[in-house]
Every structure is written in C-alpha cells, then in structure tokens.
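Worksheet: one structure, shown below.
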Amino acid sequence: MRHFESLHQFSVNEITDLLQLADKLKSGYRPLMGQTFAVNLFFEPSTRTKSSFVMAEHKLGMEVLDFQAETSSVKKGETLYDTAKTMEAIGANMLVIRHADDNWMEELSGRLTIPVINAGSGKTEHPTQGLLDLLTIYQEFGTFRGLKIAICGDIIHSRVAHSNAQALKRMGATVYLCAAPGFEDDSLPYPYITIDEAVDECDVIMLLRIQHERHEGHWHIAYYLQDFGMTKDRESRMKNHAIIMHPAPVNRGVEIDSDLVECKRSRIFKQMENGVYARMAIITKMMEEWGMYHAPAFKKYQITANKGTVANM
Ligand code: NCD
C-alpha cells in the first residue's frame, strides 16, 4: 500500500483523477466516510498547509487530534517513528507529516499500518503543494500541453520546485528554471533561462520564496527583486493570459513587488483555496487505497469544461 510521499508514485492518469476529484469536491461533492481520526504532525512551521489540511479533514467529516511538536514528547527526545507509532496505537487512521529532514519517510517506510501524507520533507518533496499547483494551472488553461512554465527562485533549497518540475513535465508542460547564482540545482534536467526571458515567453511564472532557514550563510536580498524578482515592469511585459504563482509565504518586495501579490495575474490566493480541495482529494484517495473508505470516489467524473473547473483530459 502506498503512502502519499511524492507525485512520482502516481501515473498521469491517477494525477488526472485526483484533479478531477478535487474539482468535484470543490463543487460540493462529499464522499461518505465512517468515523476516522487524522493527526497532523508538523515539525516545521506552517500556516497554509497545516490549516488547509485541518480544513480538508473537517470538510470530509474526520475527527482531528491535536498535536503540537513543542509540547509533545519529541521535546524529551522521542523519535518521529515512535511518535507516529504512538498515534497509530491510540487509533489514528491517517497521519499528515511535515519535517525538516529530507528523507524522514524512509524511517517510517513499511512500519505503519495507516497511510502517511507527506506535507513537506526538507528540501526534497512537497507533493500536496504540487497537486494544488497543478489544479490551479489546469483550471486556468484546461491543459498542460503546450504550456511554458518557469519555476523561478531558490531552486536548490525548494521542495516545491523539486515536486512541481517533474510533475509538470509528466503532465505535458515545458518546464524552465530560473535562479540567482548559487540557487541553481544542476541535478534537475530542465533548461535555465533568465527572469526576463521567462516573463517574455512563459504562460506561468511560478515564484519561490528564498529559503533562508535552509541556507548556511546569510543571503543578501537588497537587489534580489530588481535582478531576479517580479517587478512591476516585468509584470507589464508578461503575455496577456500569463499568470503568476507563488506557494507562499511571500517575502514581499523580495521575490515579488508587494503591489503585485494581489494583482490580476496573481493566483496566489487561488492556490491556497485550491489547497483545501487538492488535500481532500488526496485524503480520499489514501482512505480508499487503505480500505478505510469504500464508496466509488474514483469512478470517472463527467465534469463540464467551463473555465474554473477541471475538464476531462
Ligand atoms: C512552502 C513550503 O513549506 O515548502 N510553503 C507552503 O507549504 N505553502 C513554500 C515555502 O515555505 O517557501
């Protein structure tokens, strides 16, 4: 049985089904679940991901157990595995975990009888952000094929960049990377372009936060906006239909001019809204795969292709 560790584990058809289910959930569909308990184990700060998981769990009718890392036995040295195993023993049906370790999932692999959803693993993966970003792009354009998408910023330290680049490519988009010197990750097989080439050419500009907490030295941000960020001038040169995304939290005036955060092209708050439904879809899929929910959530939906909804692909 699979945990939700990475979008790599899921075929293009399965990702498409998840997008369609997320859209259906956004339109009010609610799968019927019996009494189930979720625990969100967050060992790194979070506003959006944690709150939208809690919202998703409540909307699905799940009970949500309280857990705060700072007041838990982790402070007494308890390991992630022992914490997770404890939650399983007291009756949790699903765990959502965020941890700074790049490979924390390996510690749990094959050792739990309940599904685990990766809500962020160090610099490596953030697959639920990946799905909500795919949903936002698909709602906008109705396809990934033919789209040029630039992921711009602190690529090497960003789990969002790593999750999204691969998934977007598999869905049919052309992916470019754009980074200040020192922020490139040469292990990723996508061409680098400048921010100016990105704004002239691309349909989606996906900005990333500078991950100060994952840097060893101090990064100077004084000229970052001007040299590498989304200024008002660059925004004005984007193609008419092109959109700006950012997983947030945003460093206003660094990755993006503060006045552009809510501009017409910005989908930043739409991404957050979609996060609830993408996570509901992921939870539903996990519950189904682990035999905790039996209704036919994944039969093909006939969803209309209106703008704002996911069409059949
Ligand atoms: C991202 C994360 O935690 O990786 N935030 C989020 O989940 N919305 C991006 C970031 O912190 O920069």
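Counting starts at 1 for both ligands and their atoms, following the listed order.
Between Tyr277 and Tyr29, the distance from one ring center to the other does not fall under 6.0 angstrom. Ring-centre distance between His215 and Phe183: below the 6.0 Å cut-off.
Listed by chain and number, residues touching ligand 1 at under 4.0 Å (heavy atoms only) are Arg48, Thr49, Arg98, His126, Gln129, Arg159, Val160, Arg209, Gln211, Pro247, Ala248, Pro249.
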(Q) Apply side-chain hydrogen bond (donor to acceptor under 3.5 Å, both in side chains) to residues Arg279 and Thr128 and explain how you reach the verdict. (A) CA-CA 6 Å; Arg279 290 175 175 122; Thr128 68; 3.1 Å; yes

(Q) Is there a side-chain hydrogen bond (donor to acceptor under 3.5 Å, both in side chains) between Thr113 and Glu88? Walk through the geometry before answering. (A) CA-CA 8 Å; Thr113 57; Glu88 176 190 76; 2.9 Å; yes

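With hydrogens and angles ignored, the 3.5 Å screen pairs no side-chain donor or acceptor of Arg145 with any backbone N or O of Gly172.
Ile97 pairs in a side chain to side chain contact (heavy atoms under 4.5 Å, CB included) with only one of the listed residues (Asn118, Leu80, Asn40), which is Leu80.
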